[in-house]
Amino acid sequence: MKRFFLPALLILLFVGSIRPGFAQRTFTVEECIDYAIKNNPALFSGALDTTISQIGMKRIGGEYIPTLNLAASLQYYLLKRYTIIEGTSIVAPDNIADNEAYPLELGYRNAWFPSFNAEQLLYDPGHAARYELNSVSAQLAMQQLISLKIELIAAIYKSFSTCLVLGVHESFLKENLKRTDTLVYFTHEKFAKGTALKFEVNQMEVSSNRIRNALIQVQGFYNQSLEQLKVFMNYHEPDMLILQSDFTPELVIAGSRIFLDSILHAGASNRIEYRILESQKQLSAANLSLAKNRSLPYLSVNGMLGFNPQATNIEDLFQGERWKPYSYIGLNLYFPFFQGLDVKRNTEQMRLQMQQADFDLAAFQNQFSGEKNNAFLQLKNSLDLMTLSDSTLRLSEENVSMLKEALDYGLVTTLHVIVGENELFLNQSQYFAQLLEVTLSNINARKVRGDFNRFAGL
């Protein structure tokens, strides 16, 4: 049994036992995926990233929309302002001598500046680059969301398929258990009649207990895999989750053989990872354009309509005669003729990032080639071993059937049947371990080829 449960233990995560429910809900694998996409919070978080990027695009698109604002300020001058006059001045007090200096306080202490301002951007060379940057960022956020969906879909397929394989294995073990329990009863009868030895009874009971122990373990692994599927789906409803599929070992094996040759014809461009790397390259190009545009001039126009009342006492600010309206309109040309080394170094950084993106694409193509070949070899080897396991299992089943018939006629002893049952038990374990390996290799090859893209919306 260890040969079967070792690969199963490597792919199953312990989450907990299934909660009891009062009703049942059936799900196909497509319905599991649809339920997960609608209820998984990790996907909701990724969708918000996409929405944030789309709002950023709208912000950049609104840069050429005029801006209007109201402003007001109240100022109080702490320092007194004086001018020096002499006694000969007509504004000098009478008690000041002609050649005596006198500090005369000037100006006002309070000022009130209400204004209405308008500004319009006429030309900004960086606008197109910023829009492109946000557009690629939104595209990248969407692709990352699709990548997350693909990972989730592959995990759902693996958990779902593992449950199916374990379910079939469970039914086989139950049939074995019925047969061995009958043989245990038959051996006890023979022992009571004195035609069988005690150790034959013990050996038969040991064989029956081994199958019973394996059945309990398979049922436990099934429950763990089903609970893992619920976690991926974010399924917290009281109804029990019942899996529905036309799964049979024959369909899996036949479908995998048909699918095998198409693996090597897959292209790297079908993978979401490749498209993400392409978007990152576009992002670097947009950043490079934006960095270059920082050294180009931009043009804007702005205007203001306001009033400037002035008074020494704050309560006098609102006297009508003090309100002096002023307005202006201005054309602003900003020409950055020298930016030090900042723009130059930033441009060099962006060029290096573009080269880095090219290397990343080449590296992924090499990685994909390796993944594709490994997926092909893994599935091919699994199918080859599956053929041997299937042949051995059929021979074991036939052998047990003949031994049982021979036992009825007294041609063999109970020990021969025990040996046949033990061989069948081991070959069944090997068969279902290999069936699970074929199933998971098939899912992995489909993911490598990019078959889950359509479920993720790509």
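The structure displayed is predicted, hence computed values, not measured ones. FYI, side chains are in, hydrogens and waters are out, and symmetry mates aren't considered; it's all heavy atoms of this structure.
Side chain of R109 to main chain of Y77: a donor-acceptor pair is present (N/O by atom type, distance under 3.5 Å, no hydrogens or angles). The main-chain N or O of F425 is never found under 3.5 Å from a side-chain atom of N176 such that the two would form a donor-acceptor pair. Using a distance-only test at 3.5 Å, with no hydrogens or angles considered, a donor-acceptor pair links the side chain of S279 to the main chain of R275. The closest donor-acceptor contact from the side chain of S159 to the backbone of A155 lies under 3.5 Å. Formation of a donor-acceptor pair under 3.5 Å by the N287 side chain with backbone atoms of L283 is found in this model. Side-chain atoms of W323 come within 3.5 Å of backbone atoms of L317 as a donor-acceptor pair (strictly under, hydrogens ignored). Panel note: side chain N381, backbone L377; a donor-acceptor pair is recorded below 3.5 Å.
Taking the six-membered ring wherever Trp is involved, the centroid distance between the rings of F172 and F432 falls below 6.0 Å.
When all heavy atoms of L226 and C163 are compared, the pair lying nearest together is N-SG, 3.5 Å. Taking all atoms of both residues into account, the shortest heavy-atom contact from L43 to A36 is CD1-O, 3.9 Å. Across all non-hydrogen atoms, the minimal contact from I443 to A154 is CG2-O, 4.2 Å.
Classification of the F27-Y35 ring pair by plane angle, with boundaries at 30° and 60°, yields perpendicular.
Side-chain N/O atoms of N40 and N234 include no donor and acceptor closer than 3.5 Å. Using modelled atom types, one finds no donor on one side chain facing an acceptor on the other under 3.5 Å when comparing E421 with T180. Using a 3.5 Å distance cut-off with no hydrogens or angles, the side chains of N213 and R210 do not pair a donor with an acceptor. No side-chain N or O of D360 forms a donor-acceptor pair with one of Q280 less than 3.5 Å apart.
Test P249, S382, S429 against Q434 for side-chain contact (heavy atoms from CB on, under 4.5 Å) and you get one pass: S382.
Cation-pi check for R271 over F368 is not met; the charged atom does not lie both under 6.0 angstrom from the ring centroid and within 45 degrees of its normal.
Atom CG in N117 sits 8.0 Å away from atom CG in N302 (nearest 0.5 Å). Between the CZ atom of R179 and the CG atom of L177 there is a distance of 10.0 Å, given to the nearest 0.5 Å. Going from atom CD of E423 over to atom CG of L393 covers 12.0 Å, rounded to the nearest 0.5 Å. Between N453 atom CG and I272 atom CD1 the span is 6.5 Å, to the nearest 0.5 Å.
In this structure, D181 pairs ionically with R212, as a charged nitrogen and a carboxylate oxygen lie closer than 4.0 Å. With salt bridges taken as basic N to acidic carboxylate O contacts below 4.0 Å, none links R394 and E397.
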Practice problem: Please assess E170 against L166 for the test side chain to side chain contact (heavy atoms under 4.5 Å, CB included), listing each intermediate value before the final yes or no. | Solution: CA-CA 6 Å; E170 179 185 2; L166 292 174; over 6 Å; no
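Contact annotation: the side chain of H169 never approaches that of Y431 to less than 4.5 Å [non-hydrogen atoms, C-beta and beyond]. Using a 4.5 Å heavy-atom threshold, the side chains of R446 and F452 count as touching.
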Ignoring hydrogens and angles, write down the donor-acceptor pairs under 3.5 Å from the side chains of residues 250-269, residues two or more places apart or on other chains.
unit_1: S256; atom_1: OG; unit_2: V252; atom_2: O; d: 2.7
unit_1: S256; atom_1: OG; unit_2: N442; atom_2: ND2; d: 2.8
unit_1: R257; atom_1: NH2; unit_2: T387; atom_2: OG1; d: 2.6
unit_1: S262; atom_1: OG; unit_2: F259; atom_2: O; d: 2.7
unit_1: S262; atom_1: OG; unit_2: R449; atom_2: NH1; d: 2.5
unit_1: H265; atom_1: ND1; unit_2: D261; atom_2: O; d: 3.0

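Other residues, nucleotides and ligands contribute only 12 or fewer heavy atoms inside 6.0 Å of the CZ atom of F359. No more than 12 heavy atoms of other residues, nucleotides or ligands shown are found within 6.0 angstrom of CE on M142. Annotation: Y131, atom OH; neighbour count of heavy atoms from other residues, nucleotides and ligands within 6.0 Å does not exceed 12.
With sequence neighbours left out, the salt bridge (Lys or Arg N to Asp or Glu O under 4.0 Å) criterion links E151 to K447. With sequence neighbours left out, the salt bridge (Lys or Arg N to Asp or Glu O under 4.0 Å) criterion links E278 to no other residue.
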